[in-house]
Amino acid sequence: MNPIYRKFQASVTQQLFALNQALTSCRVAPSIQHPVWCTASVNERHYRSMPTHGIGRWRHLLPRNAPKKKKEKHQMKGIFSATATSYGTLNVKVSGHDMTVVERYSQYIHNLCIRLGINVAEHYALPTKSTEVMLMQEQGTKMYVDAVLKTHERVVQLSTLNATLCPIFMDVLLKNQPEGVELSVKEHTEADFQARFKTRPELEGLISQIYQ
């Protein structure tokens with residue numbers, strides 16, 4: 001056989017063997033030959049390392065709350081004096097033991113004033129008063145509490161009331177007055193304004209000790 005042909009055949013065999021080994025190594029360990037391609041497509045997620053730029057934040061969408069202001073002390077409004085044609089500041093006080101009836105009747109008076117064009121300055125409630133009913137035993141001198149009555153009061157304050165309208169207004173109120181409810185009308189004074197607030201004797205005692 002020709003020696004040139006033998007050399008050519010041997011070189012071709014060596015190339016085929018080397019190519020076969022290369023293909024086998026690629027099939028067995030693809031991650032070693034192409035590590036970037038394999039890990040990027042299967043295990044890694046690039047978006048996890050990217051900045052979010054505030055995604056999911058919502059507090060900046062809420063309006064900013066204004067700083068809380070301290071509650072100012074409730075001050076007494078001016079008292080209107082009576083004239084030749086109208087009354088001054090009047091207090092229409094409703095009191096009773098049933099809070100529902102007292103509240104409904106005071107609302108009726110307020111709505112009636114609006115319909116008649118009477119100016120209503122304020123509509124407020126006074127502190128509830130408790131009265132204990134004591135009974136004495138038949139044989140003995142000891143007394144025990146039998147019941148506790150609570151008195152509820154509501155005040156509808158009128159700034160002015162026309163003298164010609166006053167008789168009609170009072171007539172309507174008396175005709176629609178429910179049972180068990182007391183009705184009184186009087187001029188507003190500073191003592192009535194102070195009666196709206198509960199007394200705190202302990203605090204008053206401490207304040208008096210400070211100023212002594």
Side-chain angles (χ1 to χ4, degrees), residues 39-81 83 86-130 148 150-162 165 169 172-173 176 178 181-211:
T39 55
S41 60
V42 178
N43 299 326
E44 292 186 1
R45 296 180 182 178
H46 291 286
Y47 66 86
R48 287 187 177 178
S49 61
M50 296 176 64
T52 58
H53 300 292
I55 294 175
R57 296 179 183 176
W58 51 271
R59 293 190 179 276
H60 67 281
L61 300 175
L62 299 177
R64 294 184 179 179
N65 295 329
K68 294 183 179 180
K69 297 182 180 179
K70 294 183 179 180
K71 291 184 178 180
E72 297 181 356
K73 189 176 181 181
H74 192 73
Q75 297 182 355
M76 180 179 174
K77 295 183 179 180
I79 300 175
F80 295 96
S81 57
T83 61
S86 63
Y87 294 94
T89 304
L90 299 177
N91 287 345
V92 182
K93 186 168 74 172
V94 180
S95 60
H97 301 296
D98 192 346
M99 185 180 66
T100 305
V101 178
V102 172
E103 184 68 27
R104 289 299 182 104
Y105 188 50
S106 64
Q107 290 178 0
Y108 170 77
I109 296 173
H110 194 165
N111 294 332
L112 179 64
C113 293
I114 294 173
R115 289 183 179 181
L116 296 177
I118 303 172
N119 295 327
V120 178
E122 286 184 304
H123 183 186
Y124 56 89
L126 293 177
T128 303
K129 299 177 181 178
S130 299
V148 178
K150 293 185 178 181
T151 305
H152 307 278
E153 295 178 340
R154 301 291 185 272
V155 176
V156 181
Q157 189 178 111
L158 312 179
S159 57
T160 55
L161 179 62
N162 197 345
L165 187 60
F169 176 68
V172 174
L173 293 184
N176 293 278
V181 175
E182 295 181 2
L183 177 67
S184 63
V185 181
K186 58 173 292 188
E187 292 184 355
H188 181 64
T189 59
E190 188 176 355
D192 296 330
F193 174 77
Q194 297 296 335
R196 296 177 59 177
F197 310 104
K198 291 183 178 180
T199 57
R200 301 177 64 180
E202 296 179 357
L203 181 61
E204 292 176 358
L206 293 174
I207 293 173
S208 62
Q209 291 178 5
I210 291 172
Y211 288 104

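Any value given below was found using the heavy atoms of this structure, including those in side chains, with hydrogens, waters and symmetry copies removed. These numbers were taken from a predicted model, which means no experiment stands behind them.
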Checklist outcome for this item: When rounded to the nearest 0.5 Å, the distance separating CG of L126 from NE2 of H152 is 12.5 Å
Checklist entry - Do L158 and C113 come within less than 4.5 Å of each other through their side chains, counting heavy atoms only? => result yes
Item to check | Check: R196 and E122 side chains under 4.5 Å, non-hydrogen atoms | outcome: yes
Item to check | Salt-bridge criterion met for K93 and D192 (N-O under 4.0 Å) | outcome: no
Checklist entry - Do the non-hydrogen side-chain atoms of R154 and H110 ever get within less than 4.5 Å of each other? => result no
Item to check | CZ/F169: more than 12 non-hydrogen atoms of other groups inside 6.0 Å | outcome: yes
Next on the checklist: Quick check: closest heavy atoms across V101 and P178, and the distance to 0.1 Å?
Outcome noted: CG1-CG, 3.7 Å
Item to check | Residues, nucleotides or ligands: over 12 heavy atoms within 6.0 Å of E182 CD | outcome: no
Next on the checklist: For Q194, is the CD atom crowded, meaning more than 12 foreign heavy atoms sit under 6.0 Å from it?
Outcome noted: yes
Checklist entry - With a 4.5 Å heavy-atom cut-off, do I118 and L165 have their side chains touching? => result yes
Checklist entry - Does the side chain of Y105 reach to within under 4.5 Å of the side chain of T100, using non-hydrogen atoms? => result no
Item to check | 4.5 Å side-chain heavy-atom contact, Q157 and H188 | outcome: yes
Next on the checklist: Tell me whether E190 at atom CD has more than 12 heavy atoms from other residues, nucleotides or ligands lying less than 6.0 Å away.
Outcome noted: no
